[in-house]
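Atoms within each ligand, like the ligands themselves, are counted from 1 in listed order.
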Amino acid sequence: MTLTAPGSVQADSAAGGPVPPNPARGLVCRNCGTTFELIAEHACAQCFGPLEVDYDRELLRAVTREQIEAGPQNIWRYSALLPVGQEPAERVTLDPGLTPLVRADRLADELGMTAGLWVKDDSANPTHSFKDRVVSLAATAARGLGYRKIACASTGNLANSVAAHAARVGIPSFVFIPADLEPGKVVQSAIYGQTLVAVDGSYDDVNRLTSELAETDEFEDTAFVNQNVRPYYAEGSKTMGYEIAEQLGWRIPAQVVIPMASGSLLTKVDKAWRELAAAGIVEDTPWTVYGAQSAGCDPIATAFEQGWDVVKPVKPFGIAKSLNIGNPADGPYALDAIRRTGGAVGRVGDEEIVQGIRDLARTTGIFAETAGGVTTAVLRRLVADGRLDPTKETVVLSTGEGLKTLSPLEPVVGPTHRVEPSLRSVRAAGLIG
Ligand SMILES: *Cc1c(COP(=O)(O)O)cnc(C)c1O
Ligand SMILES: [Zn+2]
């Protein structure tokens, strides 16, 4: 099964006239360069290297600002830069994207940052994390490839998004999660009435299990969004980069702080900006990419510090569960982007993560899940250590919603006063004289 070939004109588009071409011409191995058709594989048949979407560069370079701006108010405005074709037969999507880019002046002041600081608030997506971007791409590609069921191994947010996408279009989904996930993420996965399997093990165990399941006859007709259709899934993260540039008035920010689990999101924000610059949609100004991890799961941070090209797997722990991937598939590529742009990786412990969530909420009104606490706390660290330039424009990503991860906050925040329903009691509490 393959998706539509580049440049092929299948039928008339909804608007009449020929369907615009799919800019993706195949998959290419990042390791050995072997090319493949647009198939449902994530590993090279020659060398087992990771496969990535290979675009027709001329088609990408022909994309214009005007074309994007005329599109819908969601990620599909960038469809001429995405690998499923501009008018796929059926989109499997919650139409995520165009989430707020919030100016964070008070946080900047606290950190001694003198140029603009913005928070990209991806909690504003339909299932309240950035994962709706990648699932919309993966599920739509899966449909185009003939699959009628979707599945995933997840650290939580992916589970929420896969189950919701399946519910929206009425297809079955099979979601596998570590059994010790936060209750908010378990409920938000279960509520859509799909198959939800809690596995007694870590995310890396769950991931191994789903790779084995994908080889069974029972799951032959199932697309695992972050496994066999991973090349398409990963491209969805580019929309985060496109949006930041567009929302800044078609500019690339000088610095960006990105949370890392597998490392994929980080590589794709960087890729998005390279594409926009190559197409002349933005000026090709330099940018620096910073990665953020927790101390409980820091394999990419360690590789960065040690100067390694490979990433040594770890056994994760700690509250930043959405980022707890101990064996990050895109770690080496994230390291490449960070080193090429002169960036760094910051790591922060659980107390700093909680403080990061509180700082972000107190200064911006954005309530982030633990991943947003990681990026906010890493931003503070990088500024304090002199590794991030406080005189340059900076964007920090907040990739998920705080209501999903309440438990680390319950012991540290709550009502500031407790009173009886009487003025006397309010007075006694010191709120009035
Ligand atoms: C999945 C996820 C990420 C990053 O994922 P990558 O695997 O590095 O692409 C970041 N933040 C949140 C909240 C996530 O759920
Ligand atoms: Zn290869």
field: Leu265, portion touching ligand 1 at heavy-atom distance under 4.0 Å
entry: both

Ligand 1 contact by Ser129, heavy-atom criterion under 4.0 angstrom: no

task: List every atom of ligand 1 that sits less than 4.0 Å from any heavy atom of Gly263, numbering the atoms from 1 in the order shown and giving each element.
output: 6 (P), 7 (O), 8 (O)

field: Sub-4.5 Å side-chain heavy-atom contact between Asn207 and Asn327
entry: no

message: ring-ring contact (aromatic ring centres under 6.0 Å, His included), that's the test. Do Phe174 and Phe224 meet it? Break it down for me.
response: CA-CA 9 Å; Phe174 302 86; Phe224 285 77; 8.4 Å; no

field: Contact (N/O only, under 3.5 Å) between Glu369 and ligand 1
entry: no

statement: min-distance protein heavy atom vs atom 11 (N) of ligand 1 -> Thr399 OG1, 2.6 Å

- prompt: Between SG of Cys47 and SG of Cys32, what angle is found at the Zn ion (ligand 2), rounded to 10 degrees?
  reply: 120°

- prompt: Quick one: nearest non-hydrogen protein atom to atom 1 (C) of ligand 1, plus distance?
  reply: Lys131 NZ, 1.3 Å

message: Measuring from atom OG of Ser398 to atom CZ of Phe367, what distance do you get when rounded to the nearest 0.5 angstrom?
response: 10.5 Å

- prompt: With no hydrogens and no angle check, do the side chains of Thr267 and Asp270 hold a donor and an acceptor under 3.5 Å apart?
  reply: no

- line: Note: ligand 1 atoms sitting under 4.0 Å from heavy atoms of Ala371 are 11 (N), 13 (C)

message: Between Asp109 and Arg106, does any side-chain N to carboxylate O distance fall below 4.0 Å?
response: no

Test item: side-chain donor near acceptor, Asp359 and Thr376, under 3.5 Å: no

- prompt: Tell me: protein heavy atom nearest atom 3 (C) of ligand 1, and distance?
  reply: Phe130 CE2, 3.4 Å

message: Which option wins on minimum heavy-atom distance to atom 7 (O) of ligand 1: Ser262, Ser264, Gly400?
response: Ser262

Glu283, CD atom: more than 12 neighbouring heavy atoms under 6.0 Å: no

- prompt: Is Ser322 in polar range of ligand 1, meaning some N or O pair under 3.5 Å apart?
  reply: no

- request: In plain terms, say whether Arg133 and Glu243 are close enough for a salt bridge, that is, a side-chain N and a carboxylate O under 4.0 Å apart.
  value: yes

statement: Honestly, for Leu323 the part within reach of ligand 1 (heavy atoms, under 4.0 Å) is side chain

message: Tell me whether Ala261 has any N or O atom under 3.5 angstrom from an N or O of ligand 1.
response: yes

- prompt: Is there a donor-acceptor contact under 3.5 Å linking the side chains of Tyr333 and Glu52?
  reply: no

